[in-house]
Structures are given as C-alpha cells and as structure tokens.
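Everything on this sheet refers to the single structure shown next.
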2 protein chains.
Amino acid sequence: MPLLYKARHSLLYGLLMAILVFALKWLQWKFLIVDHSLDIYVGLIAVFFTILGVWVATQLGRPAIRTVIVEKAVYVQPVEEFSVNETELKKLNLSNREYEVLQLLTKGLSNAEIADNLCLSISTVKTHVSSLFVKMDVKSRTQAIEKAKRLKLTA
Amino acid sequence: MPLLYKARHSLLYGLLMAILVFALKWLQWKFLIVDHSLDIYVGLIAVFFTILGVWVATQLGRPAIRTVIVEKAVYVQPVEEFSVNETELKKLNLSNREYEVLQLLTKGLSNAEIADNLCLSISTVKTHVSSLFVKMDVKSRTQAIEKAKRLKLTA
DNA sequence: GAAGCGCTCATACTTTAGTATGAAATCCGT
DNA sequence: ACGGATTTCATACTAAAGTATGAGCGCTTC
C-alpha cells in the first residue's frame, strides 16, 4: 500500500512539523515569559537588596550622630520678691514712728484707723503725717502713697 | 523511485530529527547558560543594590541628630514691664471717664487737679470718684489707690 | 418714643484731711 | 546735766474729701 504508506509518511511528516512548530512556538512563548519574569525578578531583587542595604547600613552600621547644642533661653521671672529701697528710705530720714505711720498710710488707712492701730490719738497721727509730708516733699496722703509705692518705701 | 523517495524521506526525517535534537540541545544548553547567568546576574544585582542601599543610607540618608538643649538663664530686665490687669479691670465695669479719673487719682492728684486735667468741674470729678468707690468697693481715695496698685489696674 | 446709661454740673451738707501752734514727757549723747 | 531729737497730745482753724440729691443732655436699645 504505497499510497497508504505515502499517506502515512505525509501524515507523520505533517505531524512532526506541527509538533516542531508547536514546540518552537512554546519555546518562544516561554522565552517571552522568562524575559519578562527576569525583568520583574531582577527589579524585585534590586528593590529588596536596596532596602536590605539601607537596613544594614542603618541598623548594623554605626549611625552618624551629629550632636547639635542648642541654647534655650529661659526667661526667669523677677519673682516679685519685694525689697524695700533702703537707700531712698534713709534719704528721707524718717523717725521710727513716722515710718510706722507711713506703712499704714500706704495701705489706705485713714488717720482714725492709724490711730486705732497704733493706739494713738488722731492728733498724734496728724502730727506724724504732717511731718511725713514735709520730709517726703508731698502735700497730701495720696501723693505720699504714690511716692512710697514708686520708690518702694513700704511693702 | 520509491526507494530513493523513501530514502530521501528517511534522510529528511533524520535531518529533521537531528535539527530538532540539536535545537532542543541548544535550547537546553541555552537554558543552562541562562539559568547560570541568571544566578550570577541576580547575585551581581543583589551585591550592587546592597552596596547602593548602604551608600544611600550613609550618604543621602539624614544623619541622626542628637539635639542637646542647654538651658541658659536669661534674667528679664526688671524694667517696669508693667501690664494692666485687664481681667480685674473688666470685672469693675468702669466707664471710660471713670477710668480716666482713676488713672489720675492713683497718681496722687487731688479732685481739683483732676478737674483741671480733664477740664471738668470739681463736682463732676466728685461724682466720678464716688461712683468709683462704689464700683471698687472702697471708702476713700487712699484705699482706691492701694487697691488699684495692688490689682495693677493703672500704669 | 420711652427707658436706660453715661457724662456733666450744681447745691448742700458731713466728714476727713491737713496746717499751725503750743506743750509735756522721754530718750540719747557729749 | 544740758541740748536736741522724738514722741505724745491738744486746740483751733482751713482745705479737701466724700455723700446725697436733683437735673439736663446725648446716645443707644427695645
């Protein structure tokens, strides 16, 4: 059966050709995949090892520490610690009693209240107050208060 | 020539088989090479990018900055940094004119002086002063001065 | 527009502050 | 012990502060 034989040869040949072509196509496709996956793979590798390098550098390697010294201004409250101006006070040359009266006077007390407070008569208080005005060079108790506060003569 | 024909067929077959085998072998070798070169390539990539990562971390990465804060006491000038106590001032609910009178009053001025200063009659000043006393809950100008100074109501 | 508030001024009065003068007692230092 | 300073008090007076009441005007708000 040469005809059949010939036909079988032709069939085999065609089959082989088909297989070959299929194989080649498969390989070509595989190469395409491999090429693509290679790019992706290499890219992932690159990213991974870059991160690894950074991690190694930051974690295991000695970190570069720069010490920056910053001066911070701390404003200190002048803690209201009141201090009598002794200098100005001595200039006035007040007597003890006069200074006592001045202290009460600067607190806003009236002559009567000062008298009660120091167990004096109003007359005596008036005398002290008047001499105070002369020594302090003022003409009223209100000016005396203002000056005493300004010069820090009393607490 | 069936024999020749058959022989040519066989030759062609053998040739095709040889080519196929050769192609397959070549592809196998190429795969081997590719596999090997991939390892090498990946290794090189890994090393390169690790080094790149280290370089990035050390060169471009910001160095760790250790900030040392040194507190430096700065003494505030005791320069009369006076500030009016707005809070307490608003509590009193003083009118504009009353506050003007209070400002002069705390400077030790008499009613007559305040009247001159604000171009008012003494009566008007007395009216303002009286209402001031009520609002400030005091009973005399001396107490008003003391309270105003204490609460920092005026300069 | 009526009511309320702020500002002004006035009068009359009371209270307090301030001045002037005098005097007596105490303390301190030379 | 004497003089001077301090402290105390008193009287008499003037000046200023403070109170009370009323009233007029302008403005805003309801």
Side-chain angles (χ1 to χ4, degrees), chain A residues 84 86-151 153-155, chain B residues 84 86-151 153-155:
Chain A
V84 173
E86 300 287 351
T87 310
E88 290 293 336
L89 190 55
K90 286 190 176 178
K91 283 183 185 175
L92 298 180
N93 195 27
L94 303 181
S95 68
N96 292 340
R97 214 54 165 163
E98 283 163 356
Y99 185 59
E100 284 184 287
V101 171
L102 178 61
Q103 287 177 315
L104 298 178
L105 191 148
T106 53
K107 289 165 87 171
L109 273 63
S110 66
N111 289 341
E113 290 169 326
I114 296 173
D116 281 348
N117 212 305
L118 299 179
C119 294
L120 293 177
S121 69
I122 294 181
S123 292
T124 306
V125 174
K126 284 187 175 182
T127 304
H128 288 317
V129 170
S130 286
S131 59
L132 263 177
F133 292 170
V134 174
K135 290 184 179 179
M136 292 178 71
D137 191 29
V138 296
K139 288 184 176 179
S140 68
R141 68 203 295 109
T142 56
Q143 289 180 15
I145 295 173
E146 197 279 330
K147 189 162 188 173
K149 296 263 184 186
R150 182 159 43 81
L151 298 183
L153 301 179
T154 61
Chain B
V84 175
E86 301 287 351
T87 309
E88 290 294 335
L89 189 55
K90 286 190 176 179
K91 283 184 186 175
L92 297 180
N93 195 28
L94 303 181
S95 69
N96 293 340
R97 215 53 166 164
E98 283 163 355
Y99 186 58
E100 285 184 286
V101 171
L102 178 60
Q103 287 176 316
L104 298 179
L105 192 148
T106 53
K107 289 165 85 172
L109 273 63
S110 66
N111 289 339
E113 289 170 328
I114 294 172
D116 283 349
N117 211 306
L118 299 178
C119 294
L120 292 176
S121 70
I122 295 181
S123 293
T124 306
V125 174
K126 283 186 178 183
T127 304
H128 289 316
V129 170
S130 287
S131 59
L132 264 177
F133 292 170
V134 173
K135 290 184 178 179
M136 292 178 71
D137 191 29
V138 296
K139 288 185 177 180
S140 69
R141 68 204 295 108
T142 55
Q143 289 180 15
I145 295 173
E146 196 279 330
K147 190 162 189 173
K149 296 264 184 185
R150 181 159 45 83
L151 298 183
L153 300 178
T154 62

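The analysis underlying the following values was restricted to heavy atoms, covering all of them including side chains, and did not include hydrogens, waters or symmetry mates.
For the segment residues 123-134 of chain B, the set of residues with a heavy atom within less than 4.0 Å of an atom of DNA chain C comprises B:S123, B:T124, B:T127, B:H128, in numerical order. Of the residues in residues 104-121 of chain A, those with a non-hydrogen atom less than 4.0 angstrom from any atom of DNA chain C are A:S110, A:N111.
In this structure, NZ of B:K139 is placed 13 Å from P of C:dA17, rounded to the nearest angstrom. Residue B:E98 contributes atom CD, which lies 13 Å from atom P of C:dC5 at whole-angstrom precision. A:I122 places its CD1 atom 8 Å from the P atom of C:dA17, with the value rounded to the nearest Å. One atom, CG of B:L94, and another, C1' of C:dG6, lie 13 Å apart when rounded to the nearest Å.
Between the CG atom in A:L153 and the NZ atom in A:K91 there is a gap of 11.0 Å [rounded to 0.5 Å]. Distance CG/A:L105 to CD/A:E98: 12.0 Å, rounded to 0.5 Å.
When side chains are defined from C-beta on, B:K149 counts as touching A:E146, because their heavy atoms get closer than 4.5 Å. Between A:K126 and A:I122 the shortest side-chain heavy-atom distance falls below 4.5 Å.
Closest of all the heavy-atom pairs between A:D137 and A:K147 is CB-NZ, 4.4 Å. Across every non-hydrogen atom of B:Q103 and B:T106, the tightest pair is O-OG1, 2.8 Å. The minimum heavy-atom distance linking A:V101 with A:H128 is given by the pair CG2-CB, 3.8 Å. Across all non-hydrogen atoms, the minimal contact from A:L89 to A:Y99 is CD1-CE1, 3.6 Å. Considering all non-hydrogen atoms of both residues, B:S140 and A:G108 come closest at OG-O, 4.0 Å.
For B:K135, the NZ atom sits in a packed shell: over 12 heavy atoms of surrounding residues, nucleotides or ligands are nearer than 6.0 Å.
Chain B approaches DNA chain D within less than 4.0 angstrom (heavy atoms of the protein), and the contacting nucleotides run 5' to 3' from D:dA17 to D:dT19.
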